[in-house]
Amino acid sequence: MRRFPCLPRGTVRASVHSKNSMSRTLIKDALNATAPNDAILLQGWVRTRRDAKTFSFLELNDGTCLKGIQVIADASLPNYAAEIARAHTGASVEVRGKLVESKGSGQKWEVVASEFKILGEADATYPLQKKGHTLEFLREIAHLRPRSNLFGAVFRVRSRLAFAVHQFFQSKNFIYVHTPIITASDAEGAGDMFRVTTLDLENPPRGEDKRVDATKDFFGKKTFLTVSGQLEGEIFATALSNVYTFGPTFRAENSNTSRHAAEFWMIEPEVAFCDLAGDMTLAEEFVKYLIRDAKEHCAADLEFFSKFVDKELLARLDFVLDKPFVRCSYTEAVEILEKSGKQWEHPVSWGANLQAEHERYLTEEHFKCPVTVYNYPRAIKAFYMRKTDGCAPDRQTVAAMDLLVPGIGEIIGGSQREERLAELREGMALHHLDEKAYWWYLDLRRYGSVPHAGFGLGFERMLMFVTGVSNIRDVIPFARTPGTADF
RNA sequence: UGCCCGGUAGCUCAGUGGCAGAGCAGGUGACUGUUAAUCACUUGGUCGCUGGUUCGAUCCCAGCCCGGGCAGCCA
């Protein structure tokens, strides 16, 4: 659909093939009208039809907002008998008529049709019914589910929040960096990677040792889909000061949970001249900004979620906005868990990773609030995290932090990075990494190194938190999970 | 990948070792400024697949496939 800049905001030229040039009004704008309108053109999909003796009610939705608009099609319309019978749920239609104040209750405006045309019929096999469907069923018809109330709302919020991500960082003078999707570094430690290759898998080139010869591959070496843009982000942070990435991320783990996907979108800010405390503050501000933005710009959609998905959603979002997030060191967290008197499936002890049950207890039961846990044992965290000064030898920690939220668990993971060359090399040795593969990363510490920190926010997990939708597959247009890459 | 639960009409589900059920959707009719309208009637089935037990299996057993939940991995 072509947009014409001369038209008022929200109007779109109906079609270059139209008999006349009346502009399309989006249903969102029609519902927000401040005055009646004698000539209006609506285009959208029929949600439901109710027939009276001498006319029909049609509820029309075009995805621009949650609500549909009520259209009155009178039996005196010349094509009424033929067309109205075809106006089933799901059909696409074009309506010309008058926007008038509704005689019925339940809506302010409605459209009395003077012309009514079915553009695309939807017969009885159309899978979306007026009744509610299970999320599992809707996943199987991911090509049609955006036409449902829930998924329309989810993807409107997704779009808005993606925009808000940029607004937040741009307003703080962060530079947006496009880090590569294809990467040759296979030891970032963030999980299994998808191999990228153009080699003939049936008959790959082999070296003298009979092993597949990766030097014959497209890039002359083994390559993978990125699991994180962080290392490249650090390159730009140590040049442009404040940067962020926002793009797709890939993990080839065989994870079958409601909060893992093989392809997801991650936001990774990286801040030069910043320590862990500053990193935690930025994370908290960021999360609150996104929530506030959704509440402001997606109010109707959020109300829908709180009515049909999670009754406590709005109260929880307000609560999160009102309170400062709790900050709790790993060592304190372990003490809390040990003193809780709970029977843990996974035992708690200093040095062991916090398990989901532990994280859930901290954020949902003990603090009842988002919690940032920081300073984790060095042995269980990544090589690039900054070694904490002055630790007891058997309790060495690094400046890592995880932001935990009720219902979802970890939504952000971040750290202050090790900026000291000697300590970084020590960390790499500890994790058995080959320095040669990271020569450029080490160079950042050789030349003008600065303290810096950053984190990764899982965009879909944030959407789950904001919408109350409890499965990650339902906040991604087309989810990629083990065994599933449909559409 | 491990543990657990499920798969019966288009959808949501009930059910039984012996003729396959309901609600909704669809169809027909009635009624109505209706709001997931209402009322009456009505069409609709490879009971996930394969094999086994049995006179007889949708039901019991085994294997497989698919979906979901939880755990691990993490964002």
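So that the names make sense, note that chain A is the first sequence line, chain B the second, and so on, each numbered from 1.
- Taking only side-chain atoms of A:Gln355, from C-beta outward, the nucleotide of B:rA71, B:rA37, B:rG27 with the closest atom is B:rA71.
- Relative to the side chain of A:Glu136, the nucleotides B:rG33, B:rG67, B:rU1 differ in distance, and B:rG67 lies closest.
- Between the CD1 atom of A:Ile380 and the P atom of B:rG72 there is a distance of 13 Å, rounded to whole Å.
- Between the CH2 atom of A:Trp265 and the C1' atom of B:rC74 there is a distance of 19 Å, given to the nearest Å.
- Comparing B:rU1, B:rG10, B:rA75 by their nearest atom to the side chain of A:Gln129 picks out B:rG10.
- In this structure, of B:rC70, B:rA75, B:rG68, it is B:rG68 that holds the atom nearest to the side chain of A:Asn471.
- Taking atom CZ on A:Arg145 and atom C1' on B:rC11, their separation rounds to 17 Å, with Å as the unit.
- Atom CG in A:Leu135 sits roughly 16 Å away from atom P in B:rG67 (whole-Å rounding).
- Under the side chain to side chain contact (heavy atoms under 4.5 Å, CB included) rule, A:Leu99 has a single partner from A:Thr25, A:Ile69, A:Leu31, which is A:Ile69.
- Spacing of C1' atoms, B:rG45 relative to B:rC3, comes out at 34 Å, to the nearest Å.
- Residue A:Lys130 has no polar side-chain atom (N or O) positioned under 4.0 Å from OP1 or OP2 of B:rA25.
- Distance A:Asp192 CG to B:rU1 P: 12 Å, rounded to the nearest Å.
- Between the side chain of A:Thr238 and the main chain of A:Glu234, a donor-acceptor pair closer than 3.5 Å is present.
- Dashed line: the shortest gap from a side-chain N or O of A:Thr134 to OP1 or OP2 of B:rU12 is under 4.0 Å.
- The listed nucleotides are B:rG72, B:rG33, B:rU35; the one nearest the side chain of A:Phe57 is B:rG33.
- Taking 4.0 angstrom as the limit, A:Arg259 places a side-chain polar atom (N or O) nearer than this to OP1 or OP2 of B:rA71.
- Closest to the side chain of A:Glu410, from the set B:rG27, B:rU35, B:rA75, is B:rA75.
- Distances shown here put a side-chain N or O of A:Ser258 below 4.0 Å from the OP1 or OP2 atom of B:rC70.
- Atom C1' of nucleotide B:rU35 and atom CZ of A:Arg49 are separated by 15 Å, given to the nearest angstrom.
- For A:Gln70, counting side-chain heavy atoms from C-beta on, the closest listed nucleotide (B:rA71, B:rU12, B:rG33) is B:rG33.
- Taking only side-chain nitrogens and oxygens, A:Arg50 comes nearer than 4.0 Å to OP1 or OP2 of B:rA37.
- Minimum atom distance to the side chain of A:Glu110 is reached by B:rG33, of the listed B:rG33, B:rU12, B:rG72.
- Taking a pair to require two hydrogen-bonding distances under 3.5 Å in either a Watson-Crick or a G-U wobble arrangement, B:rG67 pairs with B:rC5.
- Nearest heavy-atom pair, A:Ile84 versus A:Ser56, reported as atom, atom and distance to 0.1 Å: CG1-OG, 3.5 Å.
- Remark: A:Thr484 is in phosphate contact with B:rG67, judged by side-chain N or O atoms under 4.0 Å from OP1 or OP2.
- For the pairing with A:Gln416, the side chain to side chain contact (heavy atoms under 4.5 Å, CB included) check across A:Leu276, A:Thr388, A:Val398 returns one residue only, A:Leu276.
- Closest to the A:Ser102 side chain, of the nucleotides B:rU34, B:rG27, B:rG72, is B:rU34.
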